[in-house]
Amino acid sequence: VQLQASGGGLVQAGGSLKLSCTASGRRFNSYSKGWFRQAPGLEREFVAAISQSGSQTYYADSMKGRFTISRDNAKNTVYLQMSSLKAEDTAVYYCVSDPSIITITTSPRFWGQGTLVTVSS
């Protein structure tokens, strides 16, 4: 599985941004998908995850109500809609994939390259 994230950029605080991640590989639709992020000087942290069918979603507490993860298996793509962005959301966002909806929240098997999101205050 190869993951290609896009959609990062510069946005003002309070604004919105939508990230996309397109996967290659025949197993895309059978794997859970998610997002992690890494802010400058900090460790990578879990952001959100979605199950293979899309019926289950999980979010880090600080993202609940502001971020929405979704997937379109017909397009081999997972999305992260981010709203009410804050300066502390500034980070490199990574698309991830794993066969398990459980382990993807802590130690996903596959990582894509990151896309930088910068929120100006």
Side-chain angles (χ1 to χ4, degrees):
V1 176
Q2 293 185 331
L3 306 166
Q4 181 74 36
S6 62
L10 176 63
V11 61
Q12 291 187 334
S16 299
L17 203 62
K18 187 173 185 178
L19 306 182
S20 300
C21 176
T22 301
S24 61
R26 290 176 292 178
R27 294 184 177 181
F28 171 86
N29 289 347
S30 65
Y31 283 11
S32 294
K33 295 293 181 291
W35 295 88
F36 273 65
R37 71 183 186 183
Q38 186 169 22
L42 300 178
E43 295 185 352
R44 287 182 182 180
E45 64 174 343
F46 169 72
V47 174
I50 188 167
S51 63
Q52 174 270 328
S53 66
S55 62
Q56 297 172 273
T57 56
Y58 299 92
Y59 298 92
D61 288 343
S62 61
M63 287 70 160
K64 288 180 181 177
R66 300 190 301 122
F67 291 9
T68 302
I69 189 170
S70 61
R71 66 189 291 167
D72 185 340
N73 288 341
K75 296 182 179 180
N76 288 357
T77 301
V78 61
Y79 305 97
L80 184 68
Q81 176 68 54
M82 305 183 291
S83 303
S84 302
L85 284 163
K86 309 173 183 178
E88 51 263 43
D89 292 319
T90 294
V92 176
Y93 284 72
Y94 297 90
C95 179
V96 297
S97 179
D98 193 274
S100 169
I101 189 60
I102 302 301
T103 57
I104 196 173
T105 64
T106 56
S107 54
R109 182 180 302 181
F110 302 103
W111 292 76
Q113 98 295 350
T115 186
L116 176 63
V117 173
T118 303
V119 183
S120 63
S121 57

Minimum heavy-atom distance [X]-[Y], with the two atoms named:
{"X": "Gly7", "Y": "Thr115", "value": "N-OG1, 4.1 Å"}
{"X": "Leu10", "Y": "Ser120", "value": "CD1-CB, 4.2 Å"}
{"X": "Val11", "Y": "Ser16", "value": "CG2-O, 3.8 Å"}

Verify side-chain contact (heavy atoms from CB on, under 4.5 Å) between Met82 and Asp89, making sure each step is shown before the conclusion. CA-CA 10 Å; Met82 305 183 291; Asp89 292 319; over 6 Å; no
Whether [X] side chain and [Y] backbone form a donor-acceptor pair below 3.5 Å:
{"X": "Arg71", "Y": "Gly54", "value": "no"}
{"X": "Gln113", "Y": "Ala5", "value": "yes"}
{"X": "Thr90", "Y": "Val119", "value": "yes"}
{"X": "Asp98", "Y": "Ser32", "value": "no"}
{"X": "Ser55", "Y": "Ser53", "value": "no"}

Min side-chain heavy-atom separation Gln81-Ser70 under 4.5 Å: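 Result no, sub-4.5 Å side-chain heavy-atom pair not found.
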Are [X] and [Y] linked, directly or through other ILVMFWY residues, by side chains that come within less than 4.5 angstrom of each other?
{"X": "Val92", "Y": "Leu19", "answer": "no"}
{"X": "Ile69", "Y": "Leu17", "answer": "yes"}
{"X": "Ile50", "Y": "Val96", "answer": "no"}
{"X": "Met63", "Y": "Tyr93", "answer": "yes"}
{"X": "Ile101", "Y": "Tyr94", "answer": "yes"}

By salt bridge (Lys or Arg N to Asp or Glu O under 4.0 Å), which residues pair with Glu88, not counting sequence neighbours?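 In terms of salt bridge (Lys or Arg N to Asp or Glu O under 4.0 Å), with neighbours along the sequence ignored, Glu88 is linked to no residue.
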Which residues pass the salt bridge (Lys or Arg N to Asp or Glu O under 4.0 Å) test with Lys64, sequence neighbours left out?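 Result, salt bridge (Lys or Arg N to Asp or Glu O under 4.0 Å) vs Lys64: Asp61.
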Tell me, please, which residues at least two apart from Tyr79 pass ring pair (Phe, Tyr, Trp, His ring centres under 6.0 Å).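 Expected list: none.
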When rounded to the nearest 0.5 angstrom, what is the spacing between [atom1] in [X] and [atom2] in [Y]?
{"X": "Lys33", "Y": "Leu80", "atom1": "NZ", "atom2": "CG", "value": "14.5 Å"}
{"X": "Ser97", "Y": "Gln52", "atom1": "OG", "atom2": "CD", "value": "11.0 Å"}
{"X": "Leu85", "Y": "Arg66", "atom1": "CG", "atom2": "CZ", "value": "6.5 Å"}
{"X": "Ser20", "Y": "Lys75", "atom1": "OG", "atom2": "NZ", "value": "9.5 Å"}

Which residue pairs satisfy the salt bridge (charged side-chain N to carboxylate O under 4.0 Å, His left out) criterion with at least one member in residues 38-56, sequence neighbours excluded?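 Listed by first then second residue: Arg37-Glu45.
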side-chain contact (heavy atoms from CB on, under 4.5 Å) between Ile104 and Tyr31, worked out: CA-CA 10 Å; Ile104 196 173; Tyr31 283 11; over 6 Å; no
Which residue pairs pass the ring-ring contact (aromatic ring centres under 6.0 Å, His included) test with at least one member in residues 41-70, sequence neighbours excluded?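 As it turns out, the ring-ring contact (aromatic ring centres under 6.0 Å, His included) pairs with a partner in residues 41-70, which skip direct neighbours, are Phe36-Phe46.
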Is there any disulfide (SG to SG under 2.5 Å) pair reaching into residues 86-121, and which pairs are they, with sequence neighbours excluded?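 Sorted pair list: Cys21-Cys95.
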